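Okay, so here's the structure we're looking at.
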Amino acid sequence: MYWLFKTEPDEFSIDDLEADGTACWDGIRNYQARNFLRDKVTVGDSVFIYHSSCARPGIAGQAEVIKAAYPDPAQFDAESRYYDAKATKNNPRWFCVDVCWRATFAEVLPLAQLKQLPALADMLLLKQGRLSVQPVTAEQWRLIEGIID
DNA sequence: GCCAACGTTGGC
DNA sequence: GCCAACGTTGGC
C-alpha cells in the first residue's frame, strides 16, 4: 500500500531520515492515524514524507516501511512528551512503525501545487487537514511520482 | 500569531 | 450520549 506520513521538519525532516537511514515513526497520538498504523501499514509499503507546519509545506521525499506496528515505547516513558499514563505494556494505546529512507526530492513538492491538480481533489491530505498518517491511492501515488520525475 | 477545522474531555 | 469548553493541527 501507499501512505503519506507527516512530520514537522524542525523536529524530524527528510534530511534527518536520509542521514539516519532508518527511523522509528513514533509519537502518533491520533486514533485515526493510530488505526492506520496498527492495522494497515505493512512491511514493504511505500511512504511519502510530508513536511508540515513549516515555511514550505509539501512532499519532501520517500520512505519504505521496514517493520510493522509495535507498541510505541514513548508512551511508557514518563520523561517523554509522548508519555501516556493510561497506557500499559499489556494494553498499549499507541503504536509506531519503522521506516527506511528511500529518496529525498531535489525540491519539496509544494502543497500549493498539489492543490491545483484536479486529479488530487479527493486526496485526504487536501480534504482532511489534520491526519498525520493517511493512505494514498495507487493513482495518486503515480500522479505525484510523475511530477517528481 | 491568527484562526478554521477538527479532536478530546468531562459534566450532566 | 449530548454538547460546551478546551486543546491541537497546520496553512497562511
Side-chain angles (χ1 to χ4, degrees), chain A residues 1-20 22-41 45-65 68-99 101-137 139-148:
Chain A
M1 285 188 71
Y2 301 103
W3 302 97
L4 182 143
F5 290 0
K6 292 184 183 175
T7 181
E8 299 186 19
D10 291 345
E11 301 265 336
F12 188 80
S13 72
I14 190 71
D15 295 326
D16 295 322
L17 181 59
E18 181 171 1
D20 295 348
T22 65
C24 169
W25 209 265
D26 62 359
I28 301 297
R29 294 293 180 270
N30 166 284
Y31 287 105
Q32 201 179 352
R34 189 279 309 266
N35 292 344
F36 281 131
L37 267 190
R38 186 189 58 189
D39 304 332
K40 305 285 187 190
V41 176
D45 283 357
S46 298
V47 181
F48 281 137
I49 302 299
Y50 178 90
H51 284 174
S52 66
S53 295
C54 59
R56 289 168 26 259
I59 300 175
Q62 262 188 50
E64 179 175 333
V65 177
Y70 60 99
D72 181 346
Q75 69 194 306
F76 308 122
D77 177 4
E79 304 292 311
S80 170
R81 59 181 283 211
Y82 298 120
Y83 177 67
D84 186 338
K86 292 178 181 167
T88 65
K89 303 248 173 167
N90 286 333
N91 192 16
R93 186 182 281 196
W94 306 111
F95 292 81
C96 57
V97 300
D98 288 352
V99 300
W101 175 85
R102 197 194 269 167
T104 301
F105 299 157
E107 292 182 10
V108 171
L109 176 56
L111 175 64
Q113 188 174 343
L114 298 175
K115 282 181 177 174
Q116 289 171 2
L117 300 172
L120 293 182
D122 289 335
M123 197 173 175
L124 273 178
L125 178 70
L126 307 179
K127 293 177 71 176
Q128 186 178 341
R130 309 175 69 247
L131 187 57
S132 56
V133 170
Q134 55 180 260
V136 174
T137 68
E139 290 83 353
Q140 291 162 353
W141 183 274
R142 278 196 294 271
L143 194 149
I144 292 168
E145 283 222 302
I147 297 170
I148 299 301

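These numbers were taken from a predicted model, which means no experiment stands behind them.
Positionally, the nearest nucleotide of DNA chain B for A:N30 lies more toward the 5' end than for the other of A:K86 and A:N30.
Atom CZ of A:R56 is surrounded by 12 or fewer heavy atoms from other residues, nucleotides or ligands within 6.0 Å. Other residues, nucleotides and ligands contribute only 12 or fewer heavy atoms inside 6.0 Å of the CD atom of A:E107.
Annotation for A:F48 and A:E145: closest pair CZ-CG, 4.2 Å, computed over non-hydrogen atoms. For the residue pair A:Q116 and A:P118, the shortest heavy atom distance occurs at O-CD, 3.2 Å. Listed here is the closest heavy atom pair of A:A69 and A:L37: CB-O, 3.4 Å.
Under the 3.5 Å distance criterion, with hydrogens and angles disregarded, a donor-acceptor pair is assigned to the side chains of A:Q32 and A:Q128.
By the salt bridge (charged side-chain N to carboxylate O under 4.0 Å, His left out) test, A:E18 is found to be paired with no residue, residues two or more places apart in sequence or in another chain being considered. The salt bridge (charged side-chain N to carboxylate O under 4.0 Å, His left out) test applied to A:R29 returns A:D72, not counting sequence neighbours.
Of the residues in residues 45-59 of chain A, those lying under 4.0 Å from DNA chain C by heavy-atom distance are A:Y50, A:S52, A:S53, A:P57. Residues from residues 105-127 of chain A lying near DNA chain B, meaning a heavy-atom separation below 4.0 Å, are absent.
Bracketed by its first and final contacts, the part of DNA chain B lying under 4.0 Å from non-hydrogen atoms of chain A reaches from B:dA5 to B:dT8 in 5' to 3' order.
Between A:F12 and A:W25, the angle of the ring planes goes over 60°, which puts this pair in the perpendicular group of the 30/60° scheme.
Ring centroids of A:W94 and A:Y70 are separated by 6.0 Å or more, keeping the two rings apart.
Taking five base pairs at each end of the helix from B:dG1-C:dC12 to B:dC12-C:dG1 and finding the rotation axis that steps the C1' atoms of four pairs onto the next four gives two axes whose angle is 10°, to the nearest 10°.
Annotation: the span from A:I59 atom CD1 to A:L114 atom CG amounts to 5.0 Å, rounded to 0.5 Å.
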Go through the steps for A:Y2 and A:R142 under the test side chain to side chain contact (heavy atoms under 4.5 Å, CB included), then give the verdict.
CA-CA 10 Å; A:Y2 301 103; A:R142 278 196 294 271; 5.6 Å; no

